[in-house]
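Along the sequence shown, residues are numbered consecutively beginning with 1. What's counted below: heavy atoms across the whole structure, side chains too, no hydrogens, waters or symmetry copies. Keep in mind that what you see is a predicted model, and the values were worked out from it rather than measured.
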Amino acid sequence: MKKNIVIDWFPFSAKKFYLLAIIVGLILRIVMILLPQVLSESFLADFAVQAFDVREISLKEWLKVFILGPLNDLAFASIALIPAFLVYSLTTPRKYDKPWGWIVEGFLVILTGYVLLFNDITDEYGGPLPNIVKALLVFFTICFTIKLLIPGIRDGWRRTVVWLTLFLYVFLLLLNSLSETVFWLEFGNRYDFVAVDYLIYTNEVIGNIMESYPIIPMFLAILAVTGLISWLLFFRKNDLKDAKVNISIGRWALRLVILLGLSFLGGLWLHYGYRHLKSENRYATQLQENGCWDFLEAFVSGEIDYSQYYTMLPEEQARAHAQELSNQDANGVQAISDTLAPIRKNLVLITIESLSADFMEAYGNDKGITPNLDSISGRSLVFDNLFATGNRTVRGLEAVTLSLPPCAGESIVKRKHNKNLYSTGKLFREAGYTTKYFYGGDSYFDNMSDFFGGNGYEIVDKKTYRPDEITFANVWGTCDEDTYKVALRHFDADYAAGQHFFGHIMTISNHRPYTYPAGRIEYDGDAMSRPAAVKYTDWAIGDFLAKASKKPWFKETVFVILADHCASSAGKTSIPLEKYHIPAIIYSPGFIEPQRVTKTCSQIDIMPTLFKLLHWSYNSEFYGQDILDPEFKERAFMATYQDLGYYADGVLTVLSPVRQVKQFEITRHDLWQFDEEPIQNVDDRLLQEAVAFYQTVNMDHYKK
């Protein structure tokens, strides 16, 4: 070894990684240009990307592709290097010097002992997380101890960490390029929210990829190329292989932070601040961009370009059809009028976390875990054939608040343009009601505070609770009974002030880690399990209603109880109906007559039905309809992030990227079991109904 060669490994490696990122990005753009040109039409027929005429791309657009494109690659490479910089910082030998080495050692030993011997926040959450955290802490503590006690191995250890880090970076860069190529073929686009969705449905996506591509040979090929490139760039003679790997964090830290920061800001400038630099030609724009930048943007925005990915009708036809199906006029308004005087009842809307219909006795459960809900159902208006619009809490909140079908991508609750919308709360406020949203956790989660606060609700979450009102909490927030107690206090205050109130309560306890106060329920089984949590959730509702029944405002209040979504959404098909079937109850003794309604309906129909029961007259912009109306058209909406389902007339129509349409004939055996058989010949009428609804919602309400 040439002892006189000293290399600061991060600056040395960063320069070469920047160069590699530019070269790989250039090759990727060339592959994206050539693939559609050289592949046969019969081959391309199975994919979204189509051959495009390169002559339609102007010289100016080509310059943007090959000048701005590499700049985008450089900017994202700076972001990608941040973890490597952290590794670089942590490999400094100074941490072993006295007394710091022993201080760090003591801290790691104490922390590791604590997580091994006592419960911590990860144990509260449950699942595999606690074991992962424990294993990592034990590993890092053992490694640090060995290096502290045996100084002679530190240089070799450090060199190994450097080599593995650089190898991983090259591997991920190449793997991403292959992934982008596959995505380009499949969708004719750089990464977008479809790719984000793939991270959410990892099992299904990996299964599909394994069946569609020779993954193992491709993976081995990438490993081989990674080894070759890593050796050529970093491990040859006179490079890291034969040099003394120097860690000089003090010398380089400021310059590197400035460099990474400027590159990141430059990327933001290119990607967001100057969108007019993008080309009018869609393919030229896609070639110009960096896929990972697009992935981050899609992750933040939660939007899918609906017009690019889904089957469309002419705009005027889609709007007219949706308005006809929703009984709206040309302005998208349905005039709701009633001959009777409006009834001013208080309303308490309870959306229950992950309460599948099949947890209840009426829908086939024989474990007796919902005795209170089962009892209440016998004295309520119950909708036996109601379906959730999605499989996430924000979907349920969106449905009951805005009464609109779900959009492609993320729920409007988590989007930017989500304020001052036509909502349930707006109608109550216009009628002089207080409108409050109760949540036992931090309403910052899932953007709930921004959404409800931006639509006129007063937010009452954990940080507003009095200390004596919190008796039990886990990682998600307070137990349900604490939230109900806080809600009761607010309802009492509103009543005392002569105010009618609308309170929307979102529960928490029926969610992993499935913990709740001791002594509330008896359960013969794992106390930290979903069934046990359901039983506690049911107990808390029963306790709340029992206490509410003693209040002077009880007889003037309507309680609406329904789930936000089911406990699980996985099934044989992308949208298994039984996994969207949820209970929905309207309870108001002496006012609402007990009845079981078997019409197929949706979460978006609950609040319009309630307003009709109250005989309110208003100009509705809701898509939801009164379920009890004899003219009600039975249908339900349900969606994942990509797949949009429309269930009507015994047929489930599913719209998917890229302009894919599938239909399934639904056979229902009872109130909780469904069979879905693919239909070969698409029912065009139902397809047009599905397209009309989803196209207008996505294009009008969510692309502002």
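By the 4.5 Å heavy-atom criterion applied to side chains, V558 and V348 are not counted as neighbours. Considering only heavy atoms from C-beta on, L386 comes within 4.5 Å of Q603 through its side chain. When side chains are defined from C-beta on, I561 counts as touching L373, because their heavy atoms get closer than 4.5 Å. In this structure the side chain of P513 reaches within 4.5 angstrom of the side chain of V475, judged on heavy atoms. The side-chain heavy atoms of Y310 and Q695, taken from C-beta on, include no pair separated by under 4.5 Å. In this structure, the side chains of D605 and D626 stay at 4.5 Å or more apart for every pair of heavy atoms. Side-chain contact check for S356 versus H565: every heavy-atom pair is 4.5 Å or farther apart. At least one side-chain heavy atom of F383 sits under 4.5 Å from a side-chain heavy atom of I627.
Within 6.0 Å of the NZ atom in K367, the count of heavy atoms belonging to other residues, nucleotides or ligands does not exceed 12. Around CD of Q499, the count of heavy atoms belonging to other residues, nucleotides or ligands within 6.0 Å exceeds 12. Around atom CG of D468, more than 12 heavy atoms belonging to other residues, nucleotides or ligands sit under 6.0 Å away. Within 6.0 Å of NZ in K426 there are 12 or fewer heavy atoms belonging to other residues, nucleotides or ligands. Dense packing is recorded around CD of E430, with more than 12 heavy atoms of other residues, nucleotides or ligands lying under 6.0 Å away. In this structure, K633 places its NZ atom where more than 12 heavy-atom neighbours from other residues, nucleotides or ligands lie under 6.0 Å away.
Inspection of the T515 and N474 side chains reveals an N or O donor paired with an N or O acceptor under 3.5 Å. Using modelled atom types and a 3.5 Å distance limit, the side chains of Y647 and S602 yield no donor-acceptor pair. E353 and T507 share no side-chain donor-acceptor pair at under 3.5 Å. S375 and R379 share a side-chain donor-acceptor pair at under 3.5 Å. Q317 and Q688 share a side-chain donor-acceptor pair at under 3.5 Å. Checked by atom type, the side-chain pair D643/S656 shows a donor-acceptor distance below 3.5 Å. A donor atom on one side chain and an acceptor atom on the other are not found under 3.5 Å apart for Y536 and N510. At a cut-off of 3.5 Å, with distance as the only test, no side-chain donor of S326 or Q625 sits close to an acceptor on the other residue. At a cut-off of 3.5 Å, with distance as the only test, a side-chain donor of Y465 or T483 sits close to an acceptor on the other residue. In the model, S307 has a side-chain atom that pairs as donor or acceptor with a side-chain atom of D305 under 3.5 Å. Under 3.5 Å, the side chains of T351 and H504 contain a donor-acceptor pair of N or O atoms.
Salt bridge present: D450 and K419 bring a charged side-chain N and a carboxylate O closer than 4.0 Å. The pair R344-E556 fails the salt-bridge criterion, with no side-chain N (NZ, NE, NH1 or NH2) lying under 4.0 Å from an Asp/Glu carboxylate O. A salt bridge is absent between R520 and D538: the closest approach of a Lys/Arg side-chain nitrogen to an acidic carboxylate oxygen does not fall below 4.0 angstrom. A salt bridge links D338 with K612: the distance from a Lys NZ or Arg NE/NH1/NH2 to an Asp or Glu carboxylate oxygen falls below 4.0 Å. A salt bridge links R685 with D649: the closest approach of a Lys/Arg side-chain nitrogen to an acidic carboxylate oxygen falls below 4.0 angstrom.
The line from CG of D442 to CH2 of W476 is 11.0 Å long, rounded to the nearest 0.5 Å. In this structure, CD on Q595 lies 5.5 Å from CG on L381, to the nearest 0.5 angstrom. In this structure, CD1 on I541 lies 9.5 Å from CD1 on I505, to the nearest 0.5 angstrom. To the nearest 0.5 angstrom, L614 atom CG is 11.0 Å from L427 atom CG. Put simply, NZ on K485 and CG on D480 are 12.0 Å apart, with the number rounded to the nearest 0.5 Å. Note that the CG atom of L644 and the CZ atom of F693 stand 13.5 Å from one another [nearest 0.5 Å].
Panel note: side chain E361, backbone P371; no donor-acceptor pair is recorded below 3.5 Å. Proximity of a side-chain donor or acceptor of N455 to a complementary backbone N or O of G425 within less than 3.5 Å is not detected. With hydrogens and angles disregarded, no donor-acceptor distance shorter than 3.5 Å links the side chain of K535 to the backbone of T370. Side-chain atoms of S403 never come within 3.5 Å of backbone atoms of V400 as a donor-acceptor pair (strictly under, hydrogens ignored). Remark: the backbone N or O of Q334 is not paired with any side-chain donor or acceptor of N327 at under 3.5 angstrom. In this structure, the side chain of H581 engages the main chain of D384 through a donor-acceptor pair within 3.5 Å. S380 contributes no side-chain N or O that, together with a main-chain N or O of V382, makes up a donor-acceptor pair within less than 3.5 Å. K345 contributes a side-chain N or O that, together with a main-chain N or O of K555, makes up a donor-acceptor pair within less than 3.5 Å. A donor-acceptor distance shorter than 3.5 angstrom exists from the side chain of E634 to the backbone of T600, with no hydrogens or angles considered. Using modelled atom types, one side-chain atom of Q663 and one backbone atom of D683 make a donor-acceptor pair closer than 3.5 Å.
In summary, of the residues considered (R392, R395, K414), a salt bridge (charged side-chain N to carboxylate O under 4.0 Å, His left out) with D446 occurs for K414 alone. Checking each of Y495, W553, Y457 against F501 for a ring-ring contact (aromatic ring centres under 6.0 Å, His included) leaves exactly one that passes, namely W553.
Here F472 and Y516 keep their ring centres 6.0 angstrom or further from each other. Centroid-to-centroid, the aromatic rings of F428 and W616 come within less than 6.0 Å.
Classified by interplanar angle (parallel below 30°, tilted 30° to 60°, perpendicular above 60°), the ring pair H490/F438 is perpendicular. The aromatic rings of F637 and Y646 lie tilted to each other, with the angle between the two planes from 30° to 60°.
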Exercise for review: For side chain to side chain contact (heavy atoms under 4.5 Å, CB included), just list the numbers for Y437 and F502, CA-CA rounded to whole Å, side-chain angles, deciding distance to a tenth of an Å, and then say yes or no.
Suggested key: CA-CA 9 Å; Y437 179 71; F502 166 47; over 6 Å; no
Check your understanding: Checking side chain to side chain contact (heavy atoms under 4.5 Å, CB included) for the pair F664/I575: CA distance, chi angles, key distance, verdict?
Key -> CA-CA 10 Å; F664 301 88; I575 300 182; over 6 Å; no
Point to revise | ring-ring contact (aromatic ring centres under 6.0 Å, His included) between F554 and F559, worked out | key: CA-CA 10 Å; F554 178 76; F559 299 86; 5.6 Å; yes
Check your understanding: When you look at S529 and Y523, which way does the side chain to side chain contact (heavy atoms under 4.5 Å, CB included) test go after all the steps?
Key -> CA-CA 10 Å; S529 64; Y523 183 74; 3.8 Å; yes
Practice item. Please step through ring-ring contact (aromatic ring centres under 6.0 Å, His included) for the pair Y422 and F622, ending with a clear verdict. Key: CA-CA 8 Å; Y422 187 85; F622 296 147; 4.9 Å; yes
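Annotation for A540 and E481: closest pair CB-N, 4.2 Å, computed over non-hydrogen atoms.
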